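Following: one structure in structure tokens, then a few remarks.
Sequence positions, counted from 1, serve as the residue numbers for this chain. One-based numbering, in listed order, for ligands and for the atoms of each. Bear in mind that the values here come from a model prediction, so they are computed numbers and not experimental data.
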Amino acid sequence: MASQVAKSLVKAARPNSTVKFNTACRALSVGAALQQKKSLPDRTGKNVVLVDGVRTPFLVSFTDYSKMMPHELARHSLLGLLQKTGIPKEVVDYIVYGTVIQEVKTSNIGREAALAAGFSDRTPAHTVTMACISSNQAITTGIGMIAAGAYDVIVAGGVEFMSDVPIRHSRKMRSLLLRLNRAKTPAQRLSLLASIRPDFFAPELPAVAEFSSGETMGHSADRLAAAFGASREEQDQYALRSHSLAHQAQQNGYFTDLIPVKVEGKDGVVDKDNGIRVSTPEQLAKLRPAFIKPHGSVTAANASFLTDGASACLVMSEAKAKELGLKPKAYLRDFTYVAQDPVDQLLLGPAYGIPKILDQAGLKLSDIDTWEIHEAFAGQILANLKALDSDWFAQTYLGRQSKVGSPDLDKWNKWGGSLSIGHPFAATGVRLAMHTAHRLVREDGQFGMISACAAGGQGVAMLLERHPDAKHD
Ligand SMILES: CC(=O)SCCNC(=O)CCNC(=O)[C@H](O)C(C)(C)COP(=O)(O)OP(=O)(O)OC[C@H]1O[C@@H](n2cnc3c(N)ncnc32)[C@H](O)[C@@H]1OP(=O)(O)O
């Protein structure tokens, strides 16, 4: 079955679907001001708005944040948000926060971060997890709470901290230690200790892997790229595009969602993402495959890297924003989640989510002014683009008569993406939302599309609409 699907995907990728990236690094100037389209209807009865959002700089794991704890990083994002928006803590009704790899001591990290940031102990907070779309889930949970009339003001965010992840004892050792804890006599303890064997000491190292298939994300991305005929050269070109655009955006000062972080024991503050690295095609071509050796095409440079970072945003009803004198950046108009085969289509969330949300909102590809699509791997992005541009894929998997087509790449991840900026799993969703909102202002656009794939074979698509009060930071 699996190989049948893979064969089908190869077929889907063939006809006229080679994606050209040679225009990738064109000047960022936008043409004439976009014509205003009809506004999207409010689905919630509350006109939910994204007031603003922040993120800590995204750092390559094991660099400057490595001695911190994840809730401390999350705390910075909450404090940064309060400072940027100027709202008092008491105005926040509820905090929803995402994380993927949990620090066991702070499993409800939203609550721990809120307490550490000095929020009242009367402000409830919970933690959500949905792999790489966890902070999208935090935002949409907030939208649901506002729509239900339960709360007016929500903080949504996410944190990921790959510099320190739980490493477990082996199952045998865990079982022994738990039984040791319950032993009632010295003799029972001695007998348990005597049963220890060398293999008990082998630790269970964590892997960024899919539970149902046992495959790492990188391995799966490599298979997906092969199935869709995305060549190594195309992947490297896409990665270079991502790093080049992120570098330009960084130089131009567009990352106004960044808040500085003071790290104990370090001089100065961390105020920049540190994974952006513009290389050359020749250097990229030299790298060895990182996952499927020796013939795979995913390398360290065309994969997103392990990242530490946190983000937070302020979501509320438009009426509440007006009451508080805030100028929102965007309306959170629509969203959808999708789920598909976690083995052969693990990272195809956007190929499912984008057509679905366009149909749901009655929009066409050409209505979208900014695309912010999570880049897990260059090969995964190319596979999604090829799937979107395939009639066969649309008919076989989406139940549509025809493809939605190929998005305008001049509007696609123009400030780089997760490949270059970094991907702290649960913090990325808010980064996508803020880059969308900020790009809509800078590029004079109206509708922004966000989409991301996630472990578990799931995905999200969200539509933002620029708010009339939105201004440059
Ligand atoms: C839904 C989802 O989002 S799924 C995605 C989830 N995320 C993941 O699965 C994370 C995937 N990434 C990873 O696991 C890791 O980053 C890996 C395995 C790909 C690479 O890890 P490492 O081997 O530790 O990477 P490292 O930084 O050492 O780079 C390896 C080499 O590539 C080189 N390199 C890395 N990036 C670049 C670049 N942009 N340009 C040129 N060279 C580069 C490094 O310099 C290094 O070279 P060296 O060996 O000569 O020193």
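In this structure, atom 16 (O) of ligand 1 has a protein heavy-atom contact shorter than 4.0 Å. Under the 4.0 angstrom criterion, atom 50 (O) of ligand 1 counts as lacking any protein heavy-atom contact. Protein heavy atoms are found less than 4.0 angstrom from atom 1 (C) of ligand 1.
At a 3.5 angstrom cut-off on N or O pairs, Arg277 counts as close to ligand 1.
Comparing heavy-atom distances from atom 9 (O) of ligand 1 across His243, Met217, Arg288 singles out Met217 as nearest. Between the choices Gly349, Gly457, Ala301, the shortest heavy-atom distance to atom 39 (N) of ligand 1 belongs to Ala301. Taking all heavy atoms of Gly218, Ala239, Ser279, Gly456 into account, the minimum distance to atom 40 (N) of ligand 1 is reached by Ser279.
Within the structure, the closest approach of Gln380 to ligand 1 does not fall below 4.0 Å when heavy atoms are considered. Distances from ligand 1 to the non-hydrogen atoms of His423 include at least one value under 4.0 Å.
Ring orientation note: the planes of Tyr397 and Phe393 are tilted relative to one another, at an angle of 30° to 60°. Between Trp415 and Phe255, the two ring planes are perpendicular [angle over 60°; tilted spans 30° to 60°].
Residue Val298 does not touch ligand 1, judged by heavy-atom distances below 4.0 Å. With a heavy-atom cut-off of 4.0 Å, Leu287 touches ligand 1 through its side chain alone.
For ligand 1, the atoms lying closer than 4.0 Å to a non-hydrogen atom of Leu284 are 40 (N), 41 (C). Close contacts of ligand 1 with Cys132, meaning ligand atoms under 4.0 Å from a residue heavy atom, involve 1 (C), 2 (C), 3 (O). Per-residue contacts place Ser304 under 4.0 angstrom from the following atoms of ligand 1 (heavy atoms of the residue considered): 7 (N), 10 (C), 11 (C), 12 (N), 16 (O).
In this structure, the salt bridge (charged side-chain N to carboxylate O under 4.0 Å, His left out) partners of Glu215, at least two apart in sequence or on a different chain, are Arg223.
Looking at atom 29 (O) of ligand 1, its nearest protein heavy atom turns out to be Ala300 CB, 3.5 Å.
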